[in-house]
Visitor: 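Sharing a structure, written as structure tokens. Questions coming.
What you see below is based on every heavy atom in this structure, not just the backbone, and it leaves out hydrogens, waters and symmetry mates. In this chain, residues are counted from 1 in sequence order.
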Amino acid sequence: MIELALRKILKQVKNANPKTRYEALGKLYEYKQQDGLEVQIDVLKELIKTAASPFPERVDHWDNPSFYLIDFVCDFPMPEVVEGLIKHFDGFDVDAKERAIEFLLLTEDEEIFYFLEDKIVELINTVEYSLPIGQLTSFPMLTKGILDAALDKVHSDYYEYMIYALILSLNSSGMEQGYKKEFVLSTLRTDYESVKQEYLTFNADYSTKYVYTAWKDSYLTVRNKMRLFIGLMEYYFSQEIAEELNEAIHFNDPIIKTEALLVCIAKRLSYPESLLLECAEHIESAEMVYWELVDKNLEHLYPIAEGKQLHLSKTRLFHTIINTPEDDDVIRYPEDIQVVDQIESENKYGQPIRYYLMTFKEHQTEYVGWVGGYALEEGDDAAHLWDGTYSDFVEFDSASIEKHKRDFFEKRKEEELEHGNSIYFESSPKLSKGAWFFVALLIAHWFKQILSGFNGSMLFSLFFTIVGGGLCLYELTQNKKRKITIIGDQLIKQDGSKQNSIFLHDIKKVEYNKKHIFIYNNMQELALKFPHRWVRYEIFSYFINEHTEHLKDRPFIQS
């Protein structure tokens with residue numbers, strides 16, 4: 001049983017021998033990778049409690065049982081886990097606290113957010129803690145509470161840019177634009193000037209190839225800081241800021257130039273008409289220009305009227321290749337990107353899509369790339385796509401165009417087959433409360449017999465045991481034939497020889513009561529119904545949500 005193995009791990013992670021701890025954490029990681037794993041709640045509580053207790057002195061970066069135990073339990077979104085994390089939070093290692101905060105943010109619970117606000121501010125004031133900026137962006141009220149208590153950390157070397165990022169997210173949310181304007185404007189101008197001087201050491205020699213092959217992180221860090229400050233200028237504006245923007249739109253970096261140009265457009269400042277086209281045509285900034293204008297409802301300003309799909313496909317492939325993880329110190333930098341052919345097909349929902357067969361060169365070798373699939377339902381030149389852009393770095397000359405296209409379809413077929421056979425969730429009912437009640441009675445009865453020295457006839461006891469045990473065994477046997485699974489894109493109910501299913505994209509609503517869970521289809525008809533005890537609803541609903549969050553029409557899932 002998994003529970004016995006986990007209790008063994010709890011002892012091993014406390015062992016004074018680092019090798020024992022290492023092996024235990026490795027085993028815990030293996031269990032974490034198992035899909036559909038179920039663990040009894042009392043064991044999850046033990047994991048949380050242990051994570052908050054003292055451990056032997058760390059010997060390396062991996063030696064952090066507190067973090068790995070919390071990371072494990074955070075895969076089980078249940079009320080008892082939430083309660084345990086809150087109760088024992090103060091005892092966790094700082095990395096474990098960071099993971100717990102990320103998990104607790106998912107509850108979107110107002111009371112829990114009050115708790116998180118206090119704990120996040122406490123961490124900011126005591127340690128170097130990595131704020132979950134991406135998640136906090138979705139919760140402006142919580143963000144504001146943190147900023148109100150920790151705004152002075154904008155002067156901290158460690159927290160400066162995280163605080164600025166929170167300020168930008170609060171303004172972007174629309175909840176409070178111009179937050180603490182006088183204070184932020186003064187610090188913004190000073191800090192921007194400092195970062196700008198860093199940038200100017202690169203500006204004269206700027207080239208896209210230098211960025212991704214030579215300068216890399218040393219430059220990209222400066223670029224990101226510049227983008228952050230320029231983004232803030234939309235909300236913290238003055239005549240001096242206008243002058244900074246006018247300078248920035250003439251910098252050589254197309255990403256920084258585009259960022260400044262978008263702020264100029266928002267603030268209705270003048271700019272050279274040729275500049276927007278220049279940014280829209282650059283391989284680095286082409287997609288950024290288009291999607292930022294779309295997000296601001298300014299798509300009519302986009303200067304490329306026709307063929308934008310072909311144009312944007314090149315920048316999509318460019319960014320896909322440069323963001324490919326480096327292998328054996330190979331630096332990825334695609335050049336001479338060309339569209340060779342196209343394929344029109346359908347996605348798994350039956351919607352028409354288009355992929356482009358592309359070529360690009362690296363170190364004088366020409367490779368194949370695929371960009372798409374563009375959603376043709378929105379128009380033949382639509383830029384929206386179900387992103388499946390990739391390259392396997394197959395040499396273009398290794399096969400004919402038709403062979404490359406056949407290989408593309410074969411790869412898609414294999415991936416769809418693998419996905420269709422992948423089990424993402426599986427749960428079977430446990431013994432019913434009635435069966436457990438009988439087991440408890442049986443234990444109590446035999447304990448009483450032992451104490452009495454087995455006086456009297458044993459026939460009733462044996463009959464009681466055989467009949468009751470047989471009923472429990474029958475229920476266990478039946479339960480093995482009952483399960484709820486998510487396999488590929490389907491939710492499947494198995495009850496003996498009967499099987500019912502529904503595609504995940506056809507689910508309109510998931511509801512439950514004390515006894516049953518109800519799944520409704522797009523016609524608002526009841527498609528599946530099964531007993532509540534067949535699954536742990538918190539985990540079941542989590543997986544349904546995870547596998548439908550990419551849909552345009554996401555189902556209602558009762559919390």
Visitor: Can you find a side-chain donor-acceptor pair between His419 and Tyr424 that sits under 3.5 Å?
Guide: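 Yes, because at least one side-chain N or O of His419 sits under 3.5 Å from a partner of the opposite role on Tyr424.
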Visitor: Can you check whether Met288's main-chain N or O pairs, donor with acceptor, with Ser285's side chain at less than 3.5 Å?
Guide: no
Visitor: Output, in order, the C-alpha distance, side-chain angles, deciding distance and verdict of side chain to side chain contact (heavy atoms under 4.5 Å, CB included) for Lys153 and Asn125.
Guide: CA-CA 8 Å; Lys153 289 295 181 180; Asn125 287 326; 3.5 Å; yes
Visitor: If we only count heavy atoms from C-beta on, is the Ser172 to Tyr235 side-chain gap below 4.5 Å?
Guide: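 Result yes, sub-4.5 Å side-chain heavy-atom pair found.
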Visitor: May I have the step-by-step check of salt bridge (Lys or Arg N to Asp or Glu O under 4.0 Å) for Lys196 and Glu244, ending in yes or no?
Guide: CA-CA 10 Å; Lys196 184 177 74 171; Glu244 296 287 4; 3.0 Å; yes
Visitor: If you look only at pairs with a residue in residues 167-188, which of them pass as a salt bridge (charged side-chain N to carboxylate O under 4.0 Å, His left out), with sequence neighbours excluded?
Guide: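 Only Lys144-Glu176 qualify under salt bridge (charged side-chain N to carboxylate O under 4.0 Å, His left out).
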Visitor: Is the closest basic N to carboxylate O distance between Arg7 and Glu46 below 4.0 Å?
Guide: yes
Visitor: Checking side chain to side chain contact (heavy atoms under 4.5 Å, CB included) for the pair Thr137/Thr143: CA distance, chi angles, key distance, verdict?
Guide: CA-CA 7 Å; Thr137 297; Thr143 297; over 6 Å; no
Visitor: Listing request: all salt bridge (charged side-chain N to carboxylate O under 4.0 Å, His left out) pairs with a residue in residues 128-140, at least two apart in sequence or in separate chains.
Guide: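 Qualifying pairs, neighbours excluded: none.
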Visitor: Is any side-chain heavy atom of Leu47 less than 4.5 Å from a side-chain heavy atom of Leu44?
Guide: yes
Visitor: Using a cut-off of 6.0 Å, state whether more than 12 heavy atoms not belonging to Asp295 lie near its atom CG.
Guide: yes
Visitor: Would you say the side-chain atoms of Ser194 pair up with the backbone N or O of Asp191, donor to acceptor, closer than 3.5 Å?
Guide: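 Judged by distance alone, no pair lies under 3.5 Å.
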Visitor: Is it true that, when you exclude Phe556 itself, more than 12 heavy atoms of the residues, nucleotides or ligands shown sit nearer than 6.0 Å to its CZ?
Guide: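 Enclosed: over 12 neighbouring heavy atoms sit under 6.0 Å from CZ of Phe556.
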Visitor: Tell me, do Ile146 and Ile124 make a side-chain contact under 4.5 Å, heavy atoms counted?
Guide: yes
Visitor: Less than 4.0 angstrom from a charged side-chain N to a carboxylate O is my criterion; do Glu23 and Lys19 meet it?
Guide: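 Looking at Lys19 together with Glu23, the answer is yes, because their closest N to O distance falls below 4.0 Å.
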Visitor: Is it the case that over 12 heavy atoms from other parts of the model lie below 6.0 angstrom from the OH atom of Tyr158?
Guide: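 Count over threshold, so yes.
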Visitor: Is there a donor-acceptor contact under 3.5 Å linking the side chains of Arg332 and Asn323?
Guide: no
Visitor: Between Gly488 and Leu504, what is the shortest heavy-atom contact and its length?
Guide: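 The answer is O-CD1, 4.1 Å.
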Visitor: What side-chain hydrogen bond (donor to acceptor under 3.5 Å, both in side chains) pairs are there with at least one residue in residues 47-58, not counting sequence neighbours?
Guide: Lys14-Ser53
Visitor: Is a donor on one side and an acceptor on the other found under 3.5 Å between the side chain of Asn545 and the backbone of Ser541?
Guide: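 Judged by distance alone, no pair lies under 3.5 Å.
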Visitor: Taking side chain as C-beta onward, heavy atoms only, is Leu526 less than 4.5 Å from Ile519?
Guide: no
Visitor: Do any N or O atoms from the side chain of Thr320 and from the backbone of Tyr390 form a donor-acceptor pair under 3.5 angstrom?
Guide: no
Visitor: Is the shortest distance from a Lys or Arg side-chain nitrogen in Lys483 or Asp495 to a carboxylate oxygen in the other one below 4.0 Å?
Guide: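 Salt bridge absent between Lys483 and Asp495.
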Visitor: I'd like to check the side chain to side chain donor-acceptor pair (under 3.5 Å) partners of Tyr192; sequence neighbours left out, ordered by chain and number.
Guide: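 Once residues adjacent in sequence are excluded, Tyr192 has no partner under the side chain to side chain donor-acceptor pair (under 3.5 Å) criterion.
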Visitor: Decide yes or no for Ile86 and Phe89: does some side-chain heavy atom of the first lie under 4.5 Å from some side-chain heavy atom of the second?
Guide: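 They are not in side-chain contact.
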Visitor: Using atom types as modelled and distance alone, determine if a side-chain donor or acceptor of Gln40 lies under 3.5 Å from a backbone N or O of Glu3.
Guide: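 No.
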Visitor: Do the ring planes of Phe183 and His155 sit parallel (below 30°), tilted (30 to 60°) or perpendicular (above 60°)?
Guide: perpendicular
Visitor: Does atom CD (Glu110) have a neighbourhood of more than 12 heavy atoms from anything else shown, all under 6.0 Å?
Guide: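 Open: at most 12 neighbouring heavy atoms sit under 6.0 Å from CD of Glu110.
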Visitor: Does NZ in Lys8 sit with more than 12 non-hydrogen atoms of other residues, nucleotides or ligands closer than 6.0 Å?
Guide: no
Visitor: Check the orientation of His532 and Tyr537. Use parallel for under 30°, tilted for 30 to 60°, and perpendicular for over 60°.
Guide: tilted
Visitor: Does Met141 CE have over 12 foreign heavy atoms under 6.0 Å away?
Guide: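 No - once you tally the heavy atoms of other residues, nucleotides and ligands closer than 6.0 Å, there are 12 at most.
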Visitor: Please assess Lys119 against Lys97 for the test side chain to side chain contact (heavy atoms under 4.5 Å, CB included), listing each intermediate value before the final yes or no.
Guide: CA-CA 9 Å; Lys119 295 304 177 184; Lys97 288 179 178 178; over 6 Å; no
Visitor: Any Lys/Arg nitrogen of Arg316 or Asp387 sitting under 4.0 Å from an Asp/Glu carboxylate oxygen of the other?
Guide: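 Result for this pair is yes, salt bridge flagged.
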Visitor: Using the side-chain hydrogen bond (donor to acceptor under 3.5 Å, both in side chains) rule, collect all pairs that involve residues 221-230, keeping only residues at least two apart or in two chains.
Guide: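 Sorted result for residues 221-230: Tyr206-Arg223, Tyr212-Arg223, Arg223-Asp253, Arg223-Glu284, Arg227-Glu259.
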Visitor: Kindly compute the distance separating CD1 (Ile487) from CD (Glu426), expressed to the nearest 0.5 Å.
Guide: 7.0 Å
Visitor: May I ask you to decide if the ring planes of Phe503 and His505 are parallel, tilted or perpendicular, using 30° and 60° as cut-offs?
Guide: parallel
Visitor: Might you work through the side chain to side chain contact (heavy atoms under 4.5 Å, CB included) test for Lys493 and Ser501, ending with a clear yes or no?
Guide: CA-CA 6 Å; Lys493 172 191 173 184; Ser501 64; over 6 Å; no
Visitor: Relative to the ring of Tyr219, is the ring of Trp215 parallel (under 30°), tilted (30 to 60°) or perpendicular (over 60°)?
Guide: tilted
Visitor: Counting C-beta onward and ignoring hydrogens, is there a side-chain heavy-atom pair between Arg21 and Gln12 closer than 4.5 Å?
Guide: no
Visitor: Between Asn171 (side chain) and Gly178 (backbone), is there a donor-acceptor pair under 3.5 Å?
Guide: yes
Visitor: Once you measure the plane-to-plane angle for Tyr164 and Phe229, does it fall in the parallel (<30°), tilted (30-60°) or perpendicular (>60°) bin?
Guide: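 Because their plane-to-plane angle is over 60°, the rings of Tyr164 and Phe229 count as perpendicular.
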Visitor: So, Asp60 and Tyr22: side-chain donor and acceptor under 3.5 Å apart, yes or no?
Guide: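 No, Tyr22 and Asp60 have no side-chain donor paired with an acceptor closer than 3.5 Å.
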Visitor: Look at atom CZ of Arg189 and say whether more than 12 heavy atoms of other residues, nucleotides or ligands are closer to it than 6.0 Å.
Guide: no
Visitor: List the atom pairs, donor and acceptor, that lie under 3.5 Å between side-chain atoms in residues 66-82 and the rest of the protein, sequence neighbours left out.
Guide:
residue: Ser66; atom: OG; partner: Ala51; partner atom: O; Å: 2.8
residue: Ser66; atom: OG; partner: Asp93; partner atom: N; Å: 3.1
residue: Asp71; atom: OD1; partner: Arg99; partner atom: NE; Å: 2.8
residue: Asp75; atom: OD1; partner: Lys32; partner atom: NZ; Å: 3.1
residue: Asp75; atom: OD2; partner: Lys32; partner atom: NZ; Å: 2.7

Visitor: Other residues, nucleotides and ligands only: do more than 12 of their heavy atoms fall within 6.0 Å of CD on Gln197?
Guide: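 Yes, CD of Gln197 has more than 12 neighbouring heavy atoms, counting only those of other groups under 6.0 Å.
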